[in-house]
> 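This is the structure I have questions about; it appears just below.
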Amino acid sequence: MEKITTVCPYCGAGCKMKLVVDNGRILRAEAADGVTNQRELCLKGYFGWDFLNDTKLLTPRLREPMIRRQKGAPLETVSWDEAIAYVAKRLGEIKEQHGPRAIMTTGSSRGTGNETNYVMQKFARAVLGTNNVDCCARVCHGPSVAGLRETVGNGAMSVSIEDLEKAKCLLIFGYNSADSHPIVARRIVKARQNGAKIIVCDPRKIEAARIADQHLQLHNGSNVAMVNAFIYTLLDEGLYNKDYVAKYTEGFDSLWDVVKDYAPEKVADITGVSAQAVRQAMRTYAASPSSIICWGMGVTQFGQGTETVKSLSTLALLTGQLGREGAGLAPVRGQNNVQGGCDMGVLPDLFPGYQKVTEPAVREKFAAAWGIDPQQMDANVGVRITQVPHLALEGKIKAYYIMGEDPLQTEADLGLVRQGIEALDLLVVQDIFMTKTAEVADVILPATSWGEHGGVFTCADRGFQRFEKAIEPQYNVKRDWEIISLIASKMGYPMHYQSNQQIWDELRELCPLFYGVTYDKMGELGHVQWPCPTMEHEGTPLLYTDNTFATPSGKGQLFATHWRQPAELTDTEYPLVLCTVREVGHYSCRSMTGNCAALQTLADEPGLVGIHPEDAKLLGIADKQLVWVASRRGKVISRADVSERINQGTVYMTYQWWIGACNELTQDNLDPTSQTPETKYCAVQLSAIDDQFWAEQHAAQAYNEMKARLRRAVEDAPAATVA
């Protein structure tokens, strides 16, 4: 029996853990003394490894490479040589006929690791010749990256997760840590125990609201108006740090021109929060010796997501709440390696290390390292994943190489996504499970999973951590970066790596931010936060300690903008607002957690729709009854969860469910800067189902038929016939 040190593959908290292995089989998970988790794990950490046993509770592991010879034909199992040759040939033909930008690729923010993300973006840029590479940060914290880069220069947390409990004030905006990051929630509880003031801005009575000094229960969709009222109060009451603003910021003179119309008294009808509560919140935040603003997708998944992030950043800049212990900005990233995906350049505008693709000198550096002509490199910003359905329907995207993502489950307006995918000439899916997206692929490339390989993740606070291989894979699968390398080599660009460390050392040499983060420095329980520019450097827990920002001028950029209503409003036919949220026991598209027995017992299909008792009473809906939820785009079945903690006029659904899929309902309205969809606000109707026996049978039948279909796609696939 041995214990293998790894990092949890779910949320961005970066919890260290030990997998207890005996005779090649995992027996249990134990908490390790990681920097962020301190010998604690949440439910997913303790019980979320079971999917490695291929339980088939939801969907089976992919076992062999598979090809669909033509649209509508069944998938056939093939050899790796044939699969690699087929993908290389098809991608080469599409590149030749339609150009490099007709091909889209993705990185993965989940268990594949930083090394693979580096190799995927290298493949896109050096082999295909396109910047069309992106990851799921686009649909979650893309606005955090864009907004913070503009205001303070780095699109990441300026503090460490450990630092949260040292704050004297936490302003928590649109972030339910108890469900999203339970271990981070412990830090918030500790901060409260240490005497910190807690201010929660959220339409629901989330867990943090129960311990808060103030709960500002704002109306859904009023974020910008709310933050403008905050800025107004700081200026109106002289609560801002005049010396700090004068020395270290730019743009102050234009702030008042915007926020003068957002006095708390004037916008109370928009925000739903009293002027007294707004003013008290800002007095508390500004007066605290150290304040941190935390936010999640309740901020970013709106049409004004980037603008809200810039405005929250402005609060910190106005008050000088940056660069000190317990003071800063904390967008707590969602998936376990979404920060790492961004770090590694699986973004259409940035090379690894946040170096711009539009700068000739940067392109020349990477071209020299990769042995290609700089003129072959794409000089323009690439396509975002949320643009793919539209561009595919227009005939501009012909091929889509998806690694470790399931857009037919996780992206907004699934009807539109399906149409876009159907319009493609080639869909290549590289994954560990048969997902909704893999089911319709032209080529399936089965990869090793977390647990079956090692590598490096970056957790939400910029901390690089190593994770190790625990067991051997059961099936004929390959490491993600090996698959990509084989395709690259087949396309005429020799790419040969022998280890994770070889890739890591290559990318370190190209990224000044990461240069000092060596494999040895990360060690077994190491946690090295970038920037780490030299071999002697130990990492940077706090950014901006010298009040110098990574902006062109070195100064923080102050910002405010006018509030806009959400793109889709309620009416008599669709009278309720739908907001998508997280499920504490599941994660992402649920292909991993849905195959874990302990987690499945906590919650299963068709999921829940949270609704206030008064709304439920008006609609004749009882708690735990199955109901229809419909929007202007689709209709799904779900189970009513009647709760006083839900605000009236709004319902809440989690996007992990495959039958009760809330993204059948969500809309495609995109933030103009980040192209992130507004999945936190659309109009829906709920309707009771009189025959609950029929409803239960219908939901169970739909679920069982889907699972059986996915199993057959893997287990019954014929072997390719030899010509």
Side-chain angles (χ1 to χ4, degrees), residues 147-148 150-153 158-159 167-173 196-199 201 213-214 216 218 223-268 271 273-295 299 307-331 542-549 551 553-563:
L148 290 176
E150 189 166 335
T151 55
V152 292
S158 71
V159 295
K168 299 304 180 186
C169 175
L170 289 174
L171 174 57
I172 302 169
F173 203 120
K197 298 292 185 182
I198 308 291
I199 304 165
C201 299
D213 296 274
Q214 279 189 270
L216 308 186
L218 74 167
N223 288 352
V224 168
M226 183 82 255
V227 184
N228 280 351
F230 286 163
I231 297 172
Y232 179 99
T233 301
L234 293 177
L235 301 183
D236 180 56
E237 298 190 11
L239 301 173
Y240 66 98
N241 186 328
K242 299 176 181 61
D243 289 341
Y244 189 93
V245 168
K247 290 179 182 178
Y248 305 119
T249 74
E250 295 175 334
F252 179 79
D253 292 341
S254 62
L255 281 182
W256 185 253
D257 290 339
V258 175
V259 303
K260 68 180 188 301
D261 297 325
Y262 293 86
E265 294 79 5
K266 188 173 181 179
V267 298
T271 64
V273 180
S274 72
Q276 180 183 2
V278 171
R279 290 182 180 275
Q280 182 56 52
M282 282 301 96
R283 292 165 189 161
T284 301
Y285 172 78
S288 167
S290 58
S291 297
I292 293 176
I293 305 175
C294 303
W295 68 89
V299 164
E307 293 164 316
T308 308
V309 169
K310 290 161 68 176
S311 296
L312 289 172
S313 182
T314 293
L315 293 180
L317 289 166
L318 282 172
T319 53
Q321 295 283 10
L322 286 158
R324 304 189 310 280
E325 186 176 85
L329 296 163
L542 291 175
L543 297 178
Y544 320 126
T545 54
D546 60 356
N547 299 311
T548 299
F549 299 95
T551 58
S553 67
K555 293 190 175 184
Q557 302 299 301
L558 302 174
F559 175 87
T561 191
H562 288 288
W563 170 73

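Remember, predicted model here, so these are calculated numbers, not experimental data.
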> Give, for atom CZ of R279 and atom OG1 of T233, the distance between the pair rounded to the nearest 0.5 Å.
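These two atoms lie 4.5 Å from each other.
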> Considering non-hydrogen atoms only, spot the tightest contact between S553 and E250 and give its length.
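Heavy atoms only, the tightest pair is OG-OE1, 3.1 Å.
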> Could you check whether any side-chain heavy atom of M282 comes within less than 4.5 Å of a side-chain heavy atom of E237, counting everything from C-beta outward?
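No - every pair of side-chain heavy atoms lies 4.5 Å or more apart.
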> Would a 4.5 Å heavy-atom cut-off, applied to side chains only, mark V245 and L558 as touching?
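Counting from C-beta outward, V245 and L558 do come under 4.5 Å.
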> Is the shortest heavy-atom distance from the side chain of L255 to the side chain of L318 under 4.5 Å?
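Result yes, sub-4.5 Å side-chain heavy-atom pair found.
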> I need the T271 OG1 to N228 CG distance, nearest 0.5 Å.
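It is 11.0 Å, given to the nearest 0.5 Å.
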> Does Y262 reach the side chain of H562, with side-chain heavy atoms less than 4.5 Å apart?
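In contact.
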> To check you understand the geometry: which heavy-atom pair defines the closest contact between E325 and L542, and what is its length?
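Minimum heavy-atom separation between E325 and L542: N-CD1, 3.5 Å.
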> May I have the step-by-step check of side chain to side chain contact (heavy atoms under 4.5 Å, CB included) for L329 and L322, ending in yes or no?
CA-CA 7 Å; L329 296 163; L322 286 158; 3.9 Å; yes
> Provide the closest heavy-atom pair for V267 versus A229 in the form atom of the first, atom of the second, distance.
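Here V267 and A229 meet closest at CG2-CB, 4.0 Å.
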> For F173 and F230, take the angle between the two ring planes, folded into 0 to 90°, and tell me which bin it lands in: parallel under 30, tilted 30 to 60, perpendicular over 60.
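Correct class here is perpendicular.
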> Within the 4.5 Å heavy-atom criterion, are D546 and T548 side-chain neighbours or not?
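Sidechains of T548 and D546: in contact.
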> Do you know the tightest heavy-atom contact between W295 and V299?
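Heavy-atom minimum between the residues: CB-CG2, 3.7 Å.
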> Around K247, counting heavy atoms of other residues, nucleotides and ligands shown, do more than 12 lie under 6.0 Å from its NZ?
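Counting neighbours around NZ of K247, 12 or fewer heavy atoms of other residues, nucleotides or ligands fall under 6.0 Å, so no.
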> Side chains of V273 and M226, heavy atoms from C-beta outward: is any pair under 4.5 Å?
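Side-chain contact under 4.5 Å: yes.
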> Taking the side chain as everything from C-beta on, heavy atoms only, tell me whether L317 gets closer than 4.5 Å to F549.
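The answer is yes; the side chains approach within 4.5 Å.
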> Under the side chain to side chain contact (heavy atoms under 4.5 Å, CB included) test against V259, which residue among V227, D236, T314, L235 passes?
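One option only clears the test, and that one is L235.
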> Taking S313 for the side chain and V309 for the main chain, is one N or O donor matched with an acceptor at less than 3.5 Å?
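No: the side chain of S313 does not pair with the backbone of V309.
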> Does the D213 side chain pair with the main chain of I198, one donor and one acceptor, at a distance under 3.5 Å?
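Yes; judged by distance alone, with no hydrogens or angles, the pair exists.
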> Just checking, any donor-acceptor pair under 3.5 angstrom between side chains of Q280 and T284?
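Present: a donor and an acceptor within the cut-off.
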> Check whether any side-chain heavy atom of K197 sits under 4.5 Å from a side-chain heavy atom of Y285, and report yes or no.
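The answer is no; the side chains never approach within 4.5 Å.
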> Roughly how far, to the nearest 0.5 Å, is the CD atom of Q276 from the CD atom of E265?
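So the gap between those two atoms works out to 10.0 Å.
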> Taking the side chain from Q321 and the backbone from S291, do they hold a donor-acceptor pair closer than 3.5 Å?
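Side chain of Q321 to backbone of S291, a donor-acceptor pair under 3.5 Å: yes, one is there.
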> Is there a donor-acceptor pair closer than 3.5 Å between any side-chain N or O of E150 and the backbone N or O of Q557?
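Absent.
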> Once rounded to the nearest 0.5 Å, what's the spacing between atom NZ of K260 and atom CD1 of I231?
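If I round to the nearest 0.5 Å, the distance is 13.5 Å.
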> Taking only residues two or more places apart in sequence or in another chain, which ones pass ring pair (Phe, Tyr, Trp, His ring centres under 6.0 Å) with Y244?
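For Y244 the ring pair (Phe, Tyr, Trp, His ring centres under 6.0 Å) partners, ignoring immediate neighbours, are Y248.
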> Would you please name every residue forming a side-chain hydrogen bond (donor to acceptor under 3.5 Å, both in side chains) with T551, sequence neighbours left out?
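Applying side-chain hydrogen bond (donor to acceptor under 3.5 Å, both in side chains) to T551 gives none.
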> How close do L148 and P331 get, heavy atom to heavy atom, and via which atoms?
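Taking L148 first and P331 second, the nearest heavy atoms are CD1-CG, 3.7 Å.
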> If every non-hydrogen atom of C169 is compared with every non-hydrogen atom of I199, which pair is closest and at what distance?
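Heavy-atom minimum between the residues: SG-CD1, 4.0 Å.
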